[in-house]
Amino acid sequence: TMGPARIATDDQIEAIHHASVTILRDIGIDVLDDEARQRYVAAGATAKGSQVHFDPEMVEALITTAPAQFTLHAWNPAHSLQIGGDWLAFGTVASAPNVADMDGGRRTGNRADYQNLLRLAQMLNSIHFIAGYPVEPIDIHGSVRHLHATYDILTLTDRTLHAYSLGRQRNIDCLEMVRIARQRTVEQIQTEPSLFTVINTNSPLRLDIPMAQGIIEFARHN
């Protein structure tokens with residue numbers, strides 16, 4: 001049997017790691033959220049204004065607390081996923097601004113097309129999880145888009161899903177909606193990972209407030 005593809009040698013991976021922890025120590029990250037900076041300092045980092053510096057030994061110690069693999073639970077247990085190890089999972093594209101088909105041509109993302117793409121993902125056994133909005137439903141106001149979009153994922157598919165970390169409340173809302181869909185208690189959700197998020201720096205070395213709040217809320221919910 002074939003094992004996982006190797007895209008870098010062990011030496012190359014070590015070189016990337018060494019460069020990364022050197023940057024974190026010497027340059028640091030511009031962290032805009034006050035609570036995030038306080039949490040980093042409490043964990044052993046140092047801060048100079050908004051710039052946070054991380055000791056390599058601290059980073060390497062914290063890395064060891066990440067699990068090598070875990071189960072990402074779907075509301076339909078048949079579609080729960082093993083993440084990590086030698087497992088490989090494929091998800092939908094996320095947040096495309098436009099959609100196109102043979103009948104209607106190219107157009108701005110909207111909820112009707114968003115829902116149809118979810119139905120398509122549900123039909124394909126090669127799609128293991130919903131990685132975000134297959135197309136952005138622009139016709140739903142941004143303040144409540146996550147509520148309607150997450151509802152559609154939970155009712156039109158039975159796959160695991162992604163929540164956008166665009167502020168603390170959106171994460172809290174999505175966590176609660178998944179908890180309800182899975183019919184679990186708060187305590188159970190904290191021991192059964194049931195959705196994921198992606199944290200993006202808005203430059204290579206700056207962590208903005210919404211992304212920092214996303215890290216904090218997901219960590220708070222274990």
Side-chain angles (χ1 to χ4, degrees), residues 16-67 70 72-73 83-84 94-95 97 130-133 136-138 140-151 153 160-180 184-222:
I16 293 169
H17 171 68
H18 178 73
S20 300
V21 294
T22 299
I23 290 170
L24 290 171
R25 181 193 64 198
D26 297 345
I27 300 175
I29 297 178
D30 188 19
V31 178
L32 303 185
D33 183 71
D34 291 339
E35 181 184 358
R37 286 198 304 274
Q38 293 168 7
R39 287 179 176 272
Y40 283 137
V41 170
T46 58
K48 300 176 181 177
S50 63
Q51 203 76 9
V52 179
H53 298 262
F54 302 84
D55 183 79
E57 287 74 20
M58 168 197 172
V59 174
E60 290 168 355
L62 290 174
I63 287 172
T64 65
T65 67
F70 62 92
L72 185 61
H73 296 268
I83 303 296
S95 289
I130 308 300
Y133 308 159
E136 195 74 25
I138 301 296
I140 306 176
H141 192 276
S143 63
V144 293
R145 186 178 301 162
H146 67 292
L147 298 174
H148 297 282
T150 301
Y151 175 84
I153 295 171
T160 58
L161 68 152
H162 164 275
Y164 288 101
S165 283
L166 299 174
R168 173 172 283 114
Q169 190 59 49
R170 286 177 173 83
N171 286 319
I172 294 172
D173 291 342
C174 292
L175 284 158
E176 179 63 7
M177 292 177 74
V178 170
R179 185 193 70 78
I180 293 170
R184 293 295 192 268
T185 65
V186 172
E187 292 74 20
Q188 286 175 308
I189 284 293
Q190 292 191 358
T191 60
E192 300 176 1
S194 303
L195 76 165
F196 69 98
T197 192
V198 174
I199 302 298
N200 293 312
T201 51
N202 58 2
S203 78
L205 294 175
R206 170 171 288 175
L207 182 65
D208 67 17
I209 292 173
M211 294 290 104
Q213 290 179 348
I215 295 174
I216 291 168
E217 282 308 319
F218 269 76
R220 183 174 283 136
H221 289 82
N222 202 30

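Below, all heavy atoms of this structure are taken into account, side chains as well, without hydrogens, waters or symmetry copies.
- The salt bridge (charged side-chain N to carboxylate O under 4.0 Å, His left out) analysis of residues 188-202, with sequence neighbours excluded, yields the pairs Arg182-Glu192, Arg184-Glu192.
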For this session: Please step through side-chain contact (heavy atoms from CB on, under 4.5 Å) for the pair Met211 and Leu166, ending with a clear verdict.
Result: CA-CA 7 Å; Met211 294 290 104; Leu166 299 174; 4.2 Å; yes
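- When side chains are defined from C-beta on, Arg179 counts as touching Val186, because their heavy atoms get closer than 4.5 Å.
- Taking all atoms of both residues into account, the shortest heavy-atom contact from His146 to Asp173 is NE2-OD2, 2.8 Å.
- Legend: residues meeting ring-ring contact (aromatic ring centres under 6.0 Å, His included) with Tyr164, ordered by chain and number and at least two apart, are Tyr133, His162.
- In this structure, Phe70 places its CZ atom where more than 12 heavy-atom neighbours from other residues, nucleotides or ligands lie under 6.0 Å away.
- Here Asp30 pairs with Arg206 under the salt bridge (charged side-chain N to carboxylate O under 4.0 Å, His left out) rule; sequence neighbours left out.
- Across all their heavy atoms, Leu205 and Ile27 have their closest contact at CD1-CG2, 3.5 Å.
- Counting only heavy atoms from C-beta outward, the side chains of Pro97 and Glu136 never approach each other to under 4.5 Å.
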Distance-only donor-acceptor pairs under 3.5 Å for side chains of residues 212-222, two or more places apart:
from   : atom 1 : to     : atom 2 : distance (Å)
Gln213 : OE1    : Arg168 : N      : 3.0
Glu217 : OE2    : Arg168 : NE     : 2.7
Glu217 : OE2    : Arg220 : NH1    : 2.4
Arg220 : NH2    : Glu35  : OE2    : 3.2
His221 : ND1    : Glu217 : O      : 2.8
Asn222 : ND2    : Gln190 : O      : 2.7

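- Side chain of Thr197 to main chain of Ala163: a donor-acceptor pair is present (N/O by atom type, distance under 3.5 Å, no hydrogens or angles).
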Exercise. Are Ile189 and His73 close enough, and set up right, to give a side-chain contact (heavy atoms from CB on, under 4.5 Å), and what steps lead you there?
Worked result: CA-CA 9 Å; Ile189 284 293; His73 296 268; over 6 Å; no
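- Using a 4.5 Å cut-off on side-chain heavy atoms (C-beta onward), Leu175 and Leu195 make contact.
- Taking 4.5 Å as the limit, every side-chain heavy atom of Leu147 sits out of range of all side-chain heavy atoms of Ile140.
- Taking every heavy atom of both residues into account, Ala43 and Met58 meet most closely at O-CE, 3.7 Å.
- The stretch residues 43-66 participates, sequence neighbours left out, in no salt bridge (charged side-chain N to carboxylate O under 4.0 Å, His left out) pair at all.
- The shortest side-chain heavy-atom distance between Phe54 and Leu62 does not fall under the 4.5 Å cut-off.
- The salt bridge (charged side-chain N to carboxylate O under 4.0 Å, His left out) search around Asp34 returns Arg37, not counting sequence neighbours.
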